[in-house]
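One-based numbering, in listed order, for ligands and for the atoms of each.
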Amino acid sequence: VSFSLTILGSSSALPTSKRFTSAHLLNVDERLYLIDCGEGVQMQLRRFKIRFGKINHIFISHVHGDHILGLFGLLSSFNLLGRKEPLHIFSHHDLQKIISPNLQWLLGECQFPIVYHPVKPSGSELIFEDDKLTVHSIPLKHRIPTVGFLFREKSRMRNIKKEAIEKYELNFGEIVKIKDGADLRTKEGLVVSNNELTDPSFRQRSYAYCSDTAYYESIIPIISGVDLLYHEATFLHKELKRAKDNFHSTALQAATIAEKAKVKKLLIGHYSARYKDVTPLLDEAKNIFPDTEAVEDGDIYNVELSK
Ligand SMILES: [Zn+2]
């Protein structure tokens, strides 16, 4: 079962010849969740061979251009390709005010329903769930209302042992109950405990997207222990004043959050266009939190199943 993240854009405000603006794609068991939608998202989706017709859920952190300018192009292509499935967009309610009035101008008649789900910028709450995962909002600290998103796999059923199926000649109904935690009562009236029949399930994998934000320790309890944390690192720490003035973070600050939240791996990105080479940002972060990677467009990060 896949749990993998593709970086579609790693630049901040300005795209560069190598980097598009913010967008990530999370694939959980072949269900695709798009996170932010910077300019040119549909080009990146094509370039990285992602079947973007399968995207039904889009999560937008805030309504700054570098996070939403790809939406109109994407919506337009969905329409031209004959999409009929509803598209769910999770964001601050201002996004609907930007999209709705302009849709007719840019798309003509929109052939598919767009369902807006307003997300409150204060307090972390459950904003979405399906049978694969839950998504919680993460209030961030930026110039305008902004939230990050915490994606977490749903708890998995226990894994049944192959030997147990053969030994007790279990039928389908019994297997489902046992995976759910039940003990087995045999025809002879013996009770076999669930522990004997199953192995513990895998850990629930998780991914937290935190961009854009100033250094903000309030997010630490929400993202504590996640497998993957993406935290913006727009500047080097010697540009701290600039970072503060613009409600962005430095690489050192991103790493400090990762360290305090005891995450497994930190990904940094949302680089200022001034950094052609991001090695200094990576070095600065690694100094505080060694398991850091500096993302580039097209990078894929898989989180493997583990106990
Ligand atoms: Zn941004």
Q: Going by the angle between their ring planes, with limits at 30° and 60°, are Phe52 and Phe78 parallel, tilted or perpendicular?
A: tilted
Q: Between Lys154 and Thr134, is there a donor-acceptor pair closer than 3.5 Å when you use the side chain of the first and the backbone of the second?
A: no
Q: If we check side-chain contact (heavy atoms from CB on, under 4.5 Å) with Thr213, which of these qualifies: His142, His62, His231?
A: His231
Q: Rounded at 0.5 Å granularity, tell me how far OH in Tyr271 sits from CG in Leu236.
A: 11.5 Å
Q: Return the CG to CD distance between Leu266 and Glu293, rounded to the nearest 0.5 Å.
A: 9.5 Å
Q: Under 2.8 Å from the Zn ion (ligand 1), how many protein N/O/S atoms can be counted?
A: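 Total protein N/O/S atoms under 2.8 Å from the Zn ion (ligand 1): 4.
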Q: Does the side chain of Asn27 pick up a donor-acceptor pair with the side chain of Ser2 at under 3.5 Å?
A: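 Yes, because at least one side-chain N or O of Asn27 sits under 3.5 Å from a partner of the opposite role on Ser2.
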